[in-house]
**Q** 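Quick one: the structure is below, and I'll ask about it shortly.
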Amino acid sequence: MSTHPNRYEILLVPAHVQDRGGASVADSAVRSAVVERTGRHGESGYPIYEGHGMIADIDPETGTVEALLVDGRELDYGLVPLVRDAATG
């Protein structure tokens, strides 16, 4: 049985944000989505997670997004995907 998370939350944060002025990462995000593991692997070799218009290959060991589509398109320049474990339930 895999110990990889079944779901993550992906937060899209502007790359230029240096100091959030005390705001949380979630408050700085321009979009977020909870994505769930599909059971498939992407071309990167990592598991595919999908939900709410986002499809991501995520390295479950490091939490790094290796590939990401947002509404079927590549991520806009200037946005950085951040990943955190999503609460189950």
**Q** Please tell me whether L69 and V35 are part of a single hydrophobic cluster in this structure, the criterion being side-chain heavy atoms less than 4.5 Å apart.
**A** no
**Q** Determine whether L79 and V13 make a side-chain contact, defined as any pair of heavy atoms from C-beta on separated by less than 4.5 Å.
**A** no
**Q** Would you compute the distance between atom CD1 of I10 and atom CG of L68 and round it to the nearest 0.5 angstrom?
**A** 5.5 Å
**Q** Considering residues at least two apart in sequence or located in another chain, which fulfil the side-chain hydrogen bond (donor to acceptor under 3.5 Å, both in side chains) criterion with D71?
**A** R31
**Q** Hey, what do you get for CG (L82) to OG (S28), rounding to the nearest 0.5 Å?
**A** 9.5 Å
**Q** Which pairs would a plain distance check flag for residues 42-59, meaning a side-chain donor or acceptor within less than 3.5 Å of a matching protein atom at least two apart in sequence or in another chain?
**A**
residue	atom	partner	partner atom	Å
S44	OG	Y46	N	3.3
S44	OG	D57	OD2	2.8
Y49	OH	P5	O	2.8
D59	OD1	E61	N	2.9
D59	OD2	T62	OG1	3.2

**Q** With sequence neighbours left out, write down each residue that passes side-chain hydrogen bond (donor to acceptor under 3.5 Å, both in side chains) with T38, or none if nothing qualifies.
**A** none
**Q** Would you mind reporting whether V70 and L12 have side-chain heavy atoms less than 4.5 Å apart?
**A** yes
**Q** Could you grab the distance from atom OH of Y8 to atom CZ of R37, nearest 0.5 Å is fine?
**A** 9.0 Å
**Q** Hey, are the side chains of L11 and P81 touching, using non-hydrogen atoms and a 4.5 Å cut-off?
**A** no
